[in-house]
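Down below is the structure, laid out as structure tokens.
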Protein chains: 2
Amino acid sequence: MEDEVDRLVAAWRRERPDLDVEPLEVLSRVSRLARHLDRARRLAFAEHHLEPWEFDVLTALRRAGTPYQLSPGQLLTQTLVTSGTMTNRIDRLAKKGLVERLPDPSDRRGVLVRLTDTGRDRADQSLAGLLAQERAILGELSRAQRAELAGLLRQLTAPFDNIPG
Amino acid sequence: MEDEVDRLVAAWRRERPDLDVEPLEVLSRVSRLARHLDRARRLAFAEHHLEPWEFDVLTALRRAGTPYQLSPGQLLTQTLVTSGTMTNRIDRLAKKGLVERLPDPSDRRGVLVRLTDTGRDRADQSLAGLLAQERAILGELSRAQRAELAGLLRQLTAPFDNIPG
DNA sequence: ATCAAGTATCTTGACATCGAGATATATGTG
DNA sequence: CACATATATCTCGATGTCAAGATACTTGAT
């Protein structure tokens, strides 16, 4: 089955036969698929009255395990947003009663963000919904293909995640 | 080499051993890699004084071939943004002299967006830069692996691109 | 002890995006 | 031909994000 990137690549080969556009076969698909996933996630979370950005922060805290707290800085590396954005997100989640800010006892510059009980419940509920949706999207692929795909993607993400970039 | 998603998945398995989080191995990597790519693209285009969104619109027109014009609607499906966003993008590109709006002769509701000569040059220059960067990112992978990856990703994108979703 | 450099978080202003609705035109049915 | 419905684009208000800089504290070297 053809996709939009096949059309895009064919168009470039016609218009710019002098260039090797093969990298687009992989990376344009990654970018476009991510945008489709964003939209799908927005719909899936709407049932739980959660925005994708709220999910990202709440689940990062949920994954940390008891007592469900992380510094803003740790949340940055997990969510790939800037510090200004994270300050704003924490403000809004705190106003909704889903997280609370605590002073970091070991560093007076620092802050710890802790999930409230309500926040924890919302995280748990919405995660199940997301996984169901993702399973449907991956339905096309066999288990072996998913493992293959995950492995190849890891090779691309690892440099970004490990070298501070 | 481990990446952030390996850590994320391990954390879920510890915290929610009742759930099967295997879908995240693929789809969280796609989302995170797309964010890394966005940042990298922003840097790469900075040399050409172009924003990623400008690149997306200009190259869609460039790919169309002479006379380098498409309707706003066609640009929507290629760039995956809403109509309000596209109106705004065209306004700003027109103000910078990179595109111009023409009435569609065959449909008086419609408009055609045409690349100016300057716009065409900017598109061509920045494409070469992007490809160089993407080749570096894909450097980890053999040619066969890239083909494998592209094929697996196509299976995921095709439903989104073909069923109007 | 002091001070420079580093780190953690927050503040601010500019800007791009979205969703919903408005407007104008096109198309199909009877 | 009239009308209901569909389509193409634009308008507008709300919101989330970013980059750059400010502030407060910590760390390491002397």
Side-chain angles (χ1 to χ4, degrees), chain A residues 31 34-43 45-46 49-58 60 69-96 98-114 164, chain B residues 31 34-43 45-46 49-58 60 69-96 98-114 164:
Chain A
S31 294
R35 270 189 89 56
H36 287 305
L37 291 174
D38 272 353
R39 291 183 171 188
R41 290 206 313 162
R42 192 172 303 274
L43 286 177
F45 292 143
H49 305 287
L50 266 191
E51 299 296 320
W53 65 263
E54 295 178 298
F55 175 87
D56 288 342
V57 177
L58 297 181
Q69 57 190 24
L70 291 172
S71 70
Q74 290 173 307
L75 288 169
L76 290 192
T77 69
Q78 296 210 29
T79 54
L80 297 176
V81 296
T82 61
S83 65
T85 297
M86 188 51 70
T87 299
N88 186 20
R89 286 183 175 189
I90 296 166
D91 287 347
R92 283 174 282 155
L93 288 170
K95 204 167 292 176
K96 292 178 73 171
L98 301 177
V99 306
E100 55 191 347
R101 272 198 183 84
L102 307 171
D104 182 336
S106 68
D107 184 338
R108 275 191 293 186
R109 292 168 306 181
V111 166
L112 291 174
V113 182
R114 179 155 65 190
Chain B
S31 294
R35 269 189 89 55
H36 287 305
L37 290 174
D38 272 352
R39 291 181 169 188
R41 291 207 311 161
R42 192 174 303 274
L43 286 177
F45 292 143
H49 305 287
L50 266 191
E51 299 296 318
W53 65 262
E54 295 178 298
F55 175 87
D56 288 342
V57 176
L58 296 182
Q69 58 189 24
L70 291 172
S71 69
Q74 291 172 306
L75 289 170
L76 291 191
T77 69
Q78 296 209 30
T79 54
L80 298 176
V81 296
T82 62
S83 65
T85 297
M86 188 51 69
T87 299
N88 187 19
R89 286 184 175 188
I90 296 166
D91 286 347
R92 284 173 283 154
L93 288 171
K95 204 167 293 175
K96 292 178 74 172
L98 301 177
V99 307
E100 55 190 348
R101 272 198 183 84
L102 307 171
D104 182 337
S106 68
D107 183 340
R108 274 192 295 186
R109 293 168 305 180
V111 166
L112 291 174
V113 182
R114 180 157 64 191

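Proteins get letters first, then strands, A, B, ... in listed order; numbering begins at 1 in each.
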- line: Of D:dC18, C:dT17, D:dC10, the nucleotide closest to the side chain of B:Asn88 is C:dT17
Test: B:Arg109 and B:Asp104 ion pair at under 4.0 Å: no
field: Contact state string [nucleotides 22-27 of chain C, B base, S sugar-phosphate only, - no protein heavy atom under 4.0 Å]
entry: --BBS-
statement: Which of C:dT17, D:dC10, C:dT9 is nearest the side chain of A:Val111? It is C:dT9
- request: Would you indicate, yes or no, if D:dA14 has its OP1 or OP2 atom less than 4.0 angstrom from a side-chain nitrogen or oxygen of A:Arg92?
  value: no
message: Under the salt bridge (Lys or Arg N to Asp or Glu O under 4.0 Å) test against B:Glu51, which residue among B:Arg89, B:Arg42, B:Arg92 passes?
response: B:Arg42
- request: Give the nucleotide from the list C:dC10, D:dT9, C:dT17 with an atom nearest to the side chain of A:Pro72.
  value: C:dC10
query: For the base of D:dC10, is there a side-chain donor-acceptor partner from B:Ser83 under 3.5 Å away?
result: yes
query: Are B:Arg42 and C:dA16 close enough that a side-chain N or O sits under 4.0 Å from OP1 or OP2?
result: no
statement: The reported gap from CG in B:Leu98 to CD1 in B:Ile90 (rounded to nearest 0.5 angstrom) is 13.0 Å
message: Is A:Arg35 close enough to C:dT17 that one of its side-chain N or O atoms is under 4.0 Å from OP1 or OP2 there?
response: no
message: Could you measure the distance from the CG atom of A:Leu80 to the CE atom of A:Met86? Nearest 0.5 Å is fine.
response: 9.5 Å
- prompt: Within the pair B:Arg89 and C:dT17, is there a side-chain N or O less than 4.0 Å away from OP1 or OP2?
  reply: yes
field: Shortest side-chain distance from A:Thr85, nucleotide among D:dC10, C:dT9, D:dC18
entry: D:dC18
- prompt: Looking for any heavy atom pair under 4.0 Å, which part of the strands does A:Gly73 touch: base, sugar-phosphate only, or nothing?
  reply: sugar-phosphate
